[in-house]
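First up is the structure itself, then whatever we jot down about it.
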Amino acid sequence: MQFLKTLFWALLVGVMVAFALNNMTMVPLKLWGTLYADVNLPLLLIVTFLAGFLPTFVALHLTRWRLRQRIAATDRTLADLHRAEVAPTIATDPMPTTTPGATL
């Protein structure tokens, strides 16, 4: 199964490299006013992909980290409650019983 996964990623990278080499054209990018920048098309596509992907990727990992912290805190609380429940308790009678005829 690992071989198929590696083959898939190798083919995907091959297609991306072929696309980049066949579309190595300069694209004018208007920044502001009369200022233009000539950028390669594959570079522009990679930058726009990363601009959309990275914030989502970071948000996903922050959410997963926060949920793991909450699960760990819940596990610790549950373990503490379990330890407190298992701890032996000495039962004391609130009112001592006396035998009839005994003096206090």
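Contact detail for Asp38 and Met26: the closest heavy-atom pair is O-CE, 3.5 Å.
Both Leu4 and Leu11 sit in one connected hydrophobic cluster of ILVMFWY residues. Membership requires side-chain heavy atoms under 4.5 Å apart, directly or through other members. Taking hydrophobic clusters as Ile, Leu, Val, Met, Phe, Trp and Tyr residues chained together by side-chain heavy-atom distances below 4.5 Å, Leu31 shares a cluster with Val39.
As a member of the Ile/Leu/Val/Met/Phe/Trp/Tyr network built from side-chain separations under 4.5 Å, Phe53 groups with Ile46, Phe49, Leu50, Leu54, Phe57.
Note: Leu29 CG to Leu41 CG = 11.0 Å, rounded to the nearest 0.5 Å. In this structure, OG1 in Thr48 is found 9.5 Å from CG in Leu43, a value given to the nearest 0.5 Å. Taking CG of Leu78 as the start and CD1 of Ile71 as the end, the distance is 12.5 Å to the nearest 0.5 Å. One finds the CE atom of Met24 at 10.0 Å from the CZ atom of Phe19 (value rounded to the nearest 0.5 Å).
Listed by first then second residue, pairs satisfying side chain to side chain donor-acceptor pair (under 3.5 Å) with a partner in residues 11-26 number zero, not counting sequence neighbours.
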May I have the step-by-step check of side chain to side chain contact (heavy atoms under 4.5 Å, CB included) for Thr6 and Phe3, ending in yes or no? CA-CA 5 Å; Thr6 305; Phe3 172 74; 5.6 Å; no
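Scanning for salt bridge (charged side-chain N to carboxylate O under 4.0 Å, His left out) contacts around Asp80 gives Arg83, with sequence neighbours left out.
Arg64 places a side-chain heavy atom less than 4.5 Å from the side chain of His61.
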